[in-house]
Amino acid sequence: MSGTEEENAAELKIGDEFLKAKCLMNCEVALTLEHKYEQLQKMSDDTTISHVFEKSLQYVKRFSRYKNRDGVRQVREILSRYPLAEFELCILGNLCPETVEEGVVLVPSFKNRLEEEAIQKILTDLSLIKKFQ
């Protein structure tokens, strides 16, 4: 962003680099790190796994709302159908707001871009995935 333009996530003024970046939800990071962890364990018995790696894996597993691979895929697939910025999608997938009001507080950019009914539909879709996990 240029120096004269201020960042404002509520208005999606966050810089082109960030708007174009691929973001991952905690559950996606957990799956990726679990896969890497399994690979490291198979490589050899004396492979040491860093403390930072283990703590990172514990963190994303703890805060992942969706635990199985199919649920994670469904969340990404369903949220991708909506006109969401990548970081908005990840906020929803990570925090799983239950009400429209909570969703607007967590993702302030919704207020000016989406109608309440659209936000409610997104939240309903998310809750259905979570219910069937």
Side-chain angles (χ1 to χ4, degrees):
M1 293 197 88
S2 67
T4 59
E5 203 173 334
E6 294 220 13
E7 293 181 5
N8 184 342
E11 296 175 9
L12 287 180
K13 291 182 182 178
I14 55 175
D16 289 339
E17 305 85 25
F18 195 62
L19 277 174
K20 295 175 185 175
K22 175 74 171 175
C23 299
L24 295 176
M25 295 177 284
N26 289 337
C27 53
E28 293 170 313
V29 174
L31 289 175
T32 303
L33 292 181
E34 283 175 344
H35 179 71
K36 182 65 175 175
Y37 185 80
E38 290 168 6
Q39 286 180 326
L40 290 171
Q41 286 184 321
K42 289 179 185 177
M43 284 175 52
S44 77
D45 293 334
D46 55 330
T47 302
T48 58
I49 298 170
S50 81
H51 182 66
V52 173
F53 183 93
E54 288 180 348
K55 286 289 192 182
S56 299
L57 178 57
Q58 289 172 6
Y59 176 87
V60 291
K61 285 174 76 171
R62 180 176 181 200
F63 291 104
S64 292
R65 300 292 182 147
Y66 304 94
K67 304 296 182 189
N68 66 50
R69 191 172 300 279
D70 287 336
V72 173
R73 182 188 50 73
Q74 287 176 337
V75 169
R76 172 67 68 173
E77 185 180 295
I78 286 174
L79 291 178
S80 294
R81 295 178 189 163
Y82 295 98
L84 302 173
E86 192 71 21
F87 81 95
E88 293 173 322
L89 183 150
C90 288
I91 290 170
L92 290 173
N94 285 341
L95 301 177
C96 300
E98 295 181 3
T99 65
V100 171
E101 295 79 21
E102 191 178 9
V104 171
V105 168
L106 294 172
V107 188
S109 55
F110 281 177
K111 189 173 189 173
N112 300 322
R113 294 184 330 114
L114 297 173
E115 298 290 326
E116 281 190 26
E117 295 80 24
I119 298 169
Q120 184 59 57
K121 174 75 171 111
I122 293 169
L123 300 180
T124 300
D125 288 351
L126 278 178
S127 68
L128 288 174
I129 296 169
K130 192 170 181 194
K131 189 183 295 184
F132 292 108
Q133 280 217 57

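As a basis for the values below, the full set of heavy atoms in this structure was taken, side chains included, without hydrogen atoms, waters or symmetry mates.
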Taking salt bridge (Lys or Arg N to Asp or Glu O under 4.0 Å) as the definition, give me every residue that meets it alongside [X], ordered by chain and number, with sequence neighbours left out.
X: Arg69; result: none
X: Lys36; result: none
X: Glu115; result: none

Working to the nearest 0.5 Å, report the span between [atom1] of [X] and [atom2] of [Y].
X: Asp125; Y: Leu92; atom1: CG; atom2: CG; result: 11.0 Å
X: Ile78; Y: Lys121; atom1: CD1; atom2: NZ; result: 8.0 Å
X: Leu114; Y: Glu88; atom1: CG; atom2: CD; result: 7.0 Å
X: Leu89; Y: Leu79; atom1: CG; atom2: CG; result: 4.5 Å
X: Ile122; Y: Glu117; atom1: CD1; atom2: CD; result: 12.0 Å
X: Leu33; Y: Glu38; atom1: CG; atom2: CD; result: 11.5 Å

Suppose we screen for side chain to side chain contact (heavy atoms under 4.5 Å, CB included). Which residues come up paired with Glu77, at least two apart in sequence or across chains?
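Applying side chain to side chain contact (heavy atoms under 4.5 Å, CB included) to Glu77 gives Arg73, Arg81.
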Sequence neighbours excluded and cut-off under 3.5 Å, please list the side-chain donor-acceptor pairs for residues 55-63, or say none.
residue, atom, partner, partner atom, Å
Ser56, OG, Val52, O, 2.8

[X]: what forms a side chain to side chain donor-acceptor pair (under 3.5 Å) with it, not counting sequence neighbours?
X: Arg76; result: Glu28, Glu86
X: Asn26; result: none
X: Lys130; result: none
X: Asp70; result: none

Using modelled atom types only, decide if a donor and an acceptor are shared between the side chain of Ser50 and the backbone of Phe53 within a distance under 3.5 Å.
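The answer is yes, because a donor-acceptor pair under 3.5 Å joins these two groups.
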Taking all non-hydrogen atoms of both residues, which atom of Cys96 and which atom of Arg65 are closest, and how far apart?
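Heavy-atom minimum between the residues: SG-CG, 3.4 Å.
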What's the shortest heavy-atom distance between Tyr66 and Gly93, and which atoms?
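Looking at all heavy atoms of both residues, the closest pair is CE1-O, 3.6 Å.
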Could you pull out all donor-acceptor pairs under 3.5 Å where a side-chain atom in residues 97-107 meets a protein atom, sequence neighbours excluded?
residue, atom, partner, partner atom, Å
Thr99, OG1, Glu102, N, 3.0
Glu102, OE1, Glu98, N, 2.9

